[in-house]
Protein chains: 2
Amino acid sequence: MVRRQARATSFDVAALAGVSQPVVSRAFTPNSRIAPETRERVLEAARKLNYVPNSIASSLTTKRTNIVALILGNLANPFYVHVLHAFSKRMQAEGRQLLVFTVDPGADSDEAILHVLKYQVDGVILTAAQLSTRMISICHDRGIPIVLFNRYIPGSDASGVRCDNAGGGRLIAEAFLAAGAKTFAMITGDPKGTTSQDRARGFVERLLEEGIKRSDIIEVEGQSSYEGAASAALSIFKDKSRPKPDALFGINDIMAMGAIDALRSRLGLSIPNDLMVGSFDDIPEARRAPYQLTTVRQPIDRMVEETLSILHLDEPDLPIERGIDRPIQGRLIWRNTIPVPPAYRFEKTDESGS
Amino acid sequence: MVRRQARATSFDVAALAGVSQPVVSRAFTPNSRIAPETRERVLEAARKLNYVPNSIASSLTTKRTNIVALILGNLANPFYVHVLHAFSKRMQAEGRQLLVFTVDPGADSDEAILHVLKYQVDGVILTAAQLSTRMISICHDRGIPIVLFNRYIPGSDASGVRCDNAGGGRLIAEAFLAAGAKTFAMITGDPKGTTSQDRARGFVERLLEEGIKRSDIIEVEGQSSYEGAASAALSIFKDKSRPKPDALFGINDIMAMGAIDALRSRLGLSIPNDLMVGSFDDIPEARRAPYQLTTVRQPIDRMVEETLSILHLDEPDLPIERGIDRPIQGRLIWRNTIPVPPAYRFEKTDESGS
DNA sequence: TCTCGTCGTGAATGCGTATTCATTGTTTGC
DNA sequence: GCAAACAATGAATACGCATTCACGACGAGA
């Protein structure tokens, strides 16, 4: 047997059911004018032939593929795995498909976008990856909406959904201050990523407001990975020229985990006694026994909803929404990496729900 | 501005370049009969118009979409995230796209397959999910090759690639024996999954060969998740009616991690002093400081290559390979959750490479 | 009874590309 | 120098479906 076997077409089904081809098309289209008994006869014939409508062919006329592209920049961060999962479930529930691209961290997504365009996707979701403004306008010109997830591109009119990263950074700073921290350190991620920048900025801003000197805030770049954060953390404590910090802000959970593991295993530090740690994301891994991270929860579900509302895949004729920026408030989840100050004690809750 | 803006077609490009439409098609097809200077002129025109060939339309005639479906059953297990990543990189390098479906653990993939069929994908890769033999034969009848990744379906002629799970289970048993373990426990995963079954079977078989009594091997099901394994592990040690095991086989790394975290934090156990732990997969997380798992490494890269060779996407006219079973040897990676017996000491290596 | 609307259906057409085949213009072989 | 092979191109068509339009059947209202 050879591949490329004849697959039944709507004509085959039509012939078997004793109707014309358009009737088959209508039988598979909800709310179309067709007699119920005719539809049943067609569906019966289709079943016999194992007929499945060819979406590729129908896309050609409808100009809708029901495919949405998801461009992922950093699968090593579990946060984006959860984002993928959330979008996947949501899309499948709506009968849409997800075309997934992975882009090496640091690389731009322009090439991925070109592939995307070939497939006439209905929309593009971009997470944790760079993209040129030229590509954005090409997408827009072709009528393809694009949403930046947790990221924005200065100088472009692309819409985006994100957590209020600066605000979240401030929350961590505040928690540290309330817990009595005096000297601070911060492990940042991708310097080109606005997410990391904003969190760091909010964090520093809040500390400066409180009269902390900039020189008392150590900043190290951690390559946006568990391993990068581990070595960054060690470098902080090996630098004899600076005072040891008593609070460490990991720019996201996975990096905080890397830092904690390194500091515990290599330097024997105890968290939060020797060093308090705060981070960002609240991935499910953050609540595991060895970490119990006090962290800012990103409300993934709401961010997904906002993303879909901007894409408005159901109303393709509406104009593309441009320049939208929907920052969504994060929420501090108190666990065990920052001692809970008395004033916050009642807040120490770790239930679910965003 | 409204969506559904006119996208340039090959006719538009042809007109601008002063050629006919087929020439545009040829300009974008490697190794086709076209004068180099003509091609250049066409590409120039295409550039001006931001023309991108419409893959949907071309699929209609070529019957090739360059889309491969990847059905994922359990994203909560990082192993499958790495599998996704490996396939994604590989496919993109070949200019193919990945249509990703996630299926709830335990649910079957039949519905996902139906969507897949609509999109005329060139192949299907199924990981960690159930699938009926009926769906497999439908795919085969339509000429769509399907490969089961780390899974097989008894009674079907679907091809598969997998780690030698039984053999790997034996490796762990052997390591325990060499380290002097006497009583054993095992936390299994999805009882419907052949992966978990085979690992458990190999493990038990090897122990029985060595004269261990079946009653000295505790078996608990852990829902195939970190959390499930955590509570399963606790249940083992709370059961006063049985002797405490001194060796625990976690059917995969993520479950072993769950068990370790629970036993350490709730029962204060020390690994490997109070309990040695072996597992399977060797996900990157397994080498993190708190775990340092001794585990059987699945050679993902080789498994991906084998998968692609079975799909033989480049030779669609060859018959589909059926009933292939390619078990690939795993390799035991010694780390710190099983004391390394003297005879194995030279093996304690943790470099990369499968 | 006649007309008008409604409903269900079929014939014809278009979507954007690849492919086949025929037609040129050009080169090779003898 | 002429037939023959060849390279480059264009006209026509097919791919599988959705959509438009026209047509007949039928029932309601007059």
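Below, read A as the first sequence line, B as the second, and so on, with proteins coming before strands; counting in each chain starts at 1.
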Asker: Any donor-acceptor pair under 3.5 Å linking the side chain of B:R39 with the backbone of B:A27?
Answerer: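 Side chain of B:R39 to backbone of B:A27: a pair is present.
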Asker: Can you sort out the partners of B:Y152 under ring-ring contact (aromatic ring centres under 6.0 Å, His included), two or more places apart, ordered by chain and number?
Answerer: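 B:Y152: no ring-ring contact (aromatic ring centres under 6.0 Å, His included) contacts found.
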Asker: Could you state the atom-to-atom distance from NZ of A:K118 to P of C:dG16 in whole Å?
Answerer: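 After rounding, the reported distance stands at 18 Å.
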Asker: Quick one: B:F11 CZ to C:dG14 C1', roughly how many Å, whole number?
Answerer: 11 Å
Asker: Has the side chain of B:N150 got a donor or acceptor atom that lies under 3.5 Å from a matching backbone atom of B:R162?
Answerer: no
Asker: Using modelled atom types only, decide if a donor and an acceptor are shared between the side chain of A:N54 and the backbone of A:T9 within a distance under 3.5 Å.
Answerer: no
Asker: Which residues satisfy the ring-ring contact (aromatic ring centres under 6.0 Å, His included) test with A:F149, sequence neighbours excluded?
Answerer: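 Result, ring-ring contact (aromatic ring centres under 6.0 Å, His included) vs A:F149: A:F87.
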Asker: To the nearest Å, how far apart are A:E37 CD and C:dG8 C1'?
Answerer: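 Value for this atom pair: 10 Å.
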Asker: Taking the side chain as C-beta and beyond, is there a heavy-atom pair between A:L75 and A:T102 under 4.5 Å?
Answerer: yes
Asker: For B:I310, is there any backbone N or O sitting under 3.5 Å from a side-chain donor or acceptor partner on B:R326?
Answerer: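 No.
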Asker: Between atom CD in A:E40 and atom P in C:dG8, what is the gap in whole Å?
Answerer: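 The answer, rounded to whole Å, is 16 Å.
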Asker: Answer yes or no: is there a side-chain heavy-atom contact under 4.5 Å between B:L98 and A:L99?
Answerer: no
Asker: Five pairs at each end of the helix from C:dT1-D:dA30 to C:dC30-D:dG1: take the axis at both ends and give me the angle between them to 10°.
Answerer: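 That helix has its two terminal axes inclined by roughly 30°.
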Asker: Charged N to carboxylate O below 4.0 Å: is that the case for B:D190 and B:R151?
Answerer: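 So B:D190 does not pair with B:R151 through a salt bridge.
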Asker: Under 3.5 Å, which protein N or O atoms sit close to an N or O of nucleotides 10-12 of chain C? Give each pair with its distance.
Answerer:
unit_1: C:dG10; atom_1: OP2; unit_2: A:S20; atom_2: N; d: 2.9
unit_1: C:dG10; atom_1: OP2; unit_2: A:S20; atom_2: OG; d: 2.9
unit_1: C:dG10; atom_1: O5'; unit_2: A:S20; atom_2: OG; d: 3.4
unit_1: C:dG10; atom_1: N7; unit_2: A:R26; atom_2: NH2; d: 3.0

Asker: Does B:L16 have any side chain to side chain contact (heavy atoms under 4.5 Å, CB included) partners at least two apart in sequence or in another chain, and if so, which?
Answerer: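 Partners of B:L16 by the side chain to side chain contact (heavy atoms under 4.5 Å, CB included) criterion, ordered by chain and then number, come out as B:A45, B:K48, B:L49.
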Asker: Tell me, which of residues 27-35 of chain A have any heavy atom that sits under 4.0 Å from an atom in DNA chain C?
Answerer: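 Nucleic-acid contacts, sorted: A:R33, A:I34, A:A35.
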Asker: Sequence neighbours excluded, which residues qualify as side chain to side chain contact (heavy atoms under 4.5 Å, CB included) partners of A:A112?
Answerer: A:I71, A:F101, A:V103
Asker: With rounding to the nearest 0.5 angstrom, report the OG1 to NE2 distance, A:T133 to A:H140.
Answerer: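 Taking OG1 in A:T133 and NE2 in A:H140, the distance rounds to 11.5 Å.
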Asker: Scan residues 48-59 of chain B against DNA chain C and write down, sorted by residue number, each residue with any heavy atom closer than 4.0 Å; if none is found, say none.
Answerer: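 Within this stretch, B:Y51, B:P53, B:N54, B:A57, B:S58 sit under 4.0 Å of the strand.
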Asker: Return the set of residues passing side chain to side chain contact (heavy atoms under 4.5 Å, CB included) with A:L114 (not counting sequence neighbours), or none when no residue passes.
Answerer: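 Only A:L117, A:M135 meet the side chain to side chain contact (heavy atoms under 4.5 Å, CB included) criterion with A:L114.
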Asker: Would you mind listing every ring pair (Phe, Tyr, Trp, His ring centres under 6.0 Å) that reaches into residues 25-53 of chain B, with sequence neighbours excluded?
Answerer: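 Non-adjacent pairs meeting ring pair (Phe, Tyr, Trp, His ring centres under 6.0 Å): B:F28-B:Y51.
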Asker: Test of understanding: with side chain to side chain contact (heavy atoms under 4.5 Å, CB included), list the residues that count as partners of B:R47, not counting sequence neighbours.
Answerer: B:E40, B:L43, B:E44
Asker: Check every nucleotide of DNA chain D for an atom under 4.0 Å from a heavy-atom of chain B, then give the first and the last such nucleotide from 5' to 3'.
Answerer: D:dA7 to D:dG16
Asker: Take atom CZ of A:R39 and atom C1' of C:dC7, then tell me their distance rounded to the nearest Å.
Answerer: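 My rounded result for the distance is 14 Å.
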